[in-house]
Protein chains: 4
Amino acid sequence: MTNNSDIQESGKRELLLEGALKVFSEKGFHGATVEEVAEVAGVGKGTVYLYFGSKTDLFVSVVEEKLKELKGVVKERLKDLEGARAKLAESIKLHWEFFNQSREFVKVILSDLSGLERELDERTREARAGFIGVIESVIEEGIMTGEFKDVEPRMAAYAIEGAISFVAFENLVNDKSSPSIPDASQLVDFCLCGLCRLG
Amino acid sequence: MTNNSDIQESGKRELLLEGALKVFSEKGFHGATVEEVAEVAGVGKGTVYLYFGSKTDLFVSVVEEKLKELKGVVKERLKDLEGARAKLAESIKLHWEFFNQSREFVKVILSDLSGLERELDERTREARAGFIGVIESVIEEGIMTGEFKDVEPRMAAYAIEGAISFVAFENLVNDKSSPSIPDASQLVDFCLCGLCRLG
Amino acid sequence: MTNNSDIQESGKRELLLEGALKVFSEKGFHGATVEEVAEVAGVGKGTVYLYFGSKTDLFVSVVEEKLKELKGVVKERLKDLEGARAKLAESIKLHWEFFNQSREFVKVILSDLSGLERELDERTREARAGFIGVIESVIEEGIMTGEFKDVEPRMAAYAIEGAISFVAFENLVNDKSSPSIPDASQLVDFCLCGLCRLG
Amino acid sequence: MTNNSDIQESGKRELLLEGALKVFSEKGFHGATVEEVAEVAGVGKGTVYLYFGSKTDLFVSVVEEKLKELKGVVKERLKDLEGARAKLAESIKLHWEFFNQSREFVKVILSDLSGLERELDERTREARAGFIGVIESVIEEGIMTGEFKDVEPRMAAYAIEGAISFVAFENLVNDKSSPSIPDASQLVDFCLCGLCRLG
DNA sequence: CATGAATGAGATTTCATTCAT
DNA sequence: CATGAATGAAATCTCATTCAT
């Protein structure tokens, strides 16, 4: 949809996104080569450029895709919940599950994109913003209903995102095959109530 | 005959570390070139390899150096404080100041090093762990004194580190010349007490 | 059952030659892509290879076609003329008109085909030679009748061809929408009488 | 002087220009590879980019260099001559000698540069114009002194240039080891007096 | 006959690293 | 110790050509 939009639905685009996710996750943006992505996707090198404008476009597309996916899941699940607290808890839980399900993806998110072309950088930022926007909304809602304190919603959202990402990343680099904290409840508690024991 | 060790006392190493910090911060690991670092440091390109084994070694050294520095500062300041709460608050504050003082450094910390040589990767991890260890200790102390809940200290430390980093990063990519939240008090409150209104 | 030869009478070949002329003229041999030629011709990319052996073959065919066409036109017009002088003048005029009618074609003629496959190179050379042969014959005739000096006919023909081509090309690269010398009379005079003022 | 101006005088630049002249002459711009040029020049591939910004820059530099050289030679020789006629004759002679001395260079001059970057295209045009300017001046002089007819000087200059180039090229593609017309006198006569027998 | 998705050889260019001075 | 000219491995991307439909 980025480059050549009218290509027959052969599923190659999906194959490529999957392969790219895998390779970028393992090696990061710069460590990965287009050739390897193509190989993993089971297509020729040139085919990549039939579906994506450049290596960077491919990368950004992977990020967009995944974040959009998560955003969708989160929004869907929040519909049935009442109360900002419950919603935030659920968001964090889903987020956590997502990161532990396709764990290497954290590395993709944290990948060094300094020096990307403006437009693509923009797209990454937007995808991230869109995704974080969901959490931001929940926080805003909580502030309105009085459940949450009067914080800067965006800041809080990024703080939460950061907390989840870093814990997930830590799990990852320590090569634990399963996360050291098995469920998200500790993170939920941390975000909602902080570290301090209540008065 | 001021100094007879085989450590060159010409100060070039320091010059290089400074230059590298600046350039890596601006362009990230992959965006930076050894040549530019040498230029900024005011030395020849070949000189880099007299003091550092490789570009990566230089990069890792910068990270180590900076994290060690911050670790030292934090430890020093914590000595005079009483109570894990106060100590954690101070840690966060210093951390925040650090990130906003040499703001671009966040990018360095988050830089994509996937696929690095094992040894160097190890050193980065250790530097980070050592640095985070300070916060971890404070948390452990708080748990013991009953100030903090009985959380997994490492997880909590990473959550805090992540929260700070992401908020700082968000400030960065939005090109705000000054951070949107001017001091760290909101972050401190978030980490200590969470989002929920008490009672 | 209009035509039973194995020559496809769908007109695609002609369409392709036309499209190729246009595209090669605009972008030169190397700047043009087979895909664009096919697009302009309104056929599929693969179709090109049904009618031509390769991109180069297509290119050479265009040259052949056009030069043959011009050769035909010139020969036809010369039939009714008397005297080598008049014939040469008419040839130059037609040549000039041709170059200014499909002006970009000069670029095609001058296009860099170095390193072409021998066979194709040969064909270009022959086409050019055949085309120039007309002028050569006129010159030979003029020498016999005593109208022209006893020059090497081929050399003279190439000199004339070069003079016309370069002036046309100069017009082209200077982006003049109409040639700076509107008719060929100056060129005719140059070729017939040279620069020097008589006696 | 194009890219990195302050490189020690190791003679590599000259080596590269020579190698490039040779390779571009044999294979044309597109047929030549940077690697081969480097090989012929006896340097590494990367070295090319130390002295020239790109393959195209290298190519244009060769053209500039050679045309400037010829221009210089012509100007020098014309100084001692009297009369536009004699000057033009000498110019043509030198031109002819030049083309037959480094004969393959014609192909370089005629090379297909469609689609070059604007700036470089400009440089080629200017080099050519500067070179042809010499002939143009001579023609202007001749017109003023009454030796030549009142033609458009630029057109005449290009016509002459074209005549010489095409004859030289014809010699070349026919693989004659020595030119079919050994000296330039026929060309001189053609340009000065045309084909027609006087009176 | 016609198509265009797929391919992969091949070209340019960058840049970490070396080493002669 | 210091330098920076030289190198060449490696990566991205293009595009003529093929072939299954």
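Within every chain, numbering begins at 1; the chains are lettered A, B, ... in the order of the sequence lines, protein sequences first and strands thereafter.
If you take CG of B:Leu58 and C1' of E:dT17, they are 14 Å apart, rounded to a whole angstrom. Between D:Lys45 atom NZ and F:dA9 atom C1' there is a gap of 8 Å when expressed in whole angstrom units. To the nearest angstrom, C1' of F:dA11 lies 13 Å from CZ of A:Phe24. When the P atom of E:dA16 is taken as reference, atom CG of B:Leu16 falls 14 Å away, rounded to whole Å. Residue D:Leu15 contributes atom CG, which lies 10 Å from atom P of F:dA6 at whole-angstrom precision. Rounded to whole Å, atom C1' of E:dA11 lies 11 Å from atom NE2 of D:His30. Across the protein-nucleic acid pair, C:Glu39 atom CD and E:dA2 atom C1' stand 16 Å apart, rounded to whole Å. Distance B:Leu50 CG to E:dT17 C1': 12 Å, rounded to the nearest Å.
Counting heavy atoms from C-beta on, the side chains of B:Phe24 and B:Leu58 come closer than 4.5 Å. A:Arg13 is not listed as a side-chain neighbour of A:Glu18, based on a closest heavy-atom distance of 4.5 Å or more.
Minimum interatomic distance between D:Lys45 and D:Ala38 (heavy atoms only, all atoms of both residues): CA-CB, 3.8 Å. Looking at every heavy atom in both residues, C:Val62 comes nearest to C:Ala20 through CG2-CB, 3.5 Å.
Annotation: of the two residues near DNA chain F, A:Gly46 and D:Gly46, the 5′-most nearest-nucleotide partner is D:Gly46. Mapping A:Thr47 and A:Glu35 onto DNA chain F via the closest heavy atom, the residue that lands nearer the 5' end is A:Glu35. Summary of the strand contacts: A:Gly42 and C:Gly44 both lie near DNA chain E, and taking for each the nucleotide with the nearest heavy atom, the more 5' one is attributed to C:Gly44. Between C:Val48 and B:Tyr49, the residue anchored closer to the 5' end of DNA chain E is C:Val48, taking for each the nucleotide with the nearest heavy atom.
Distance CG/D:Asp57 to OH/D:Tyr49: 10.0 Å, rounded to 0.5 Å. Between atom CD of residue B:Glu126 and atom CD of residue B:Glu64 there is a gap of 8.5 Å, rounded to the nearest 0.5 Å.
In this structure, C:Lys55 satisfies the cation-pi test against C:Phe29, with its NZ or CZ atom closer than 6.0 Å to the six-membered ring centre and inside 45 degrees of the ring normal.
Across all strands, A:Ala38 comes closer than 4.0 Å to no nucleic acid atom at all (heavy-atom distances).
Contact check, B:Tyr51 against F:dC1: no side-chain N or O comes under 4.0 Å of OP1 or OP2. At least one side-chain nitrogen or oxygen of C:Lys12 sits closer than 4.0 Å to the OP1 or OP2 atom of E:dA2.
Taking every side-chain heavy atom of A:Lys55 into account, F:dC13 is the closest of F:dC13, F:dA2, F:dT17.
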Secondary structure of DNA chain F per the Watson-Crick/G-U criterion (both distances under 3.5 Å; [ ] crossing, | other strand, . unpaired) is .||||||||||||||||||||

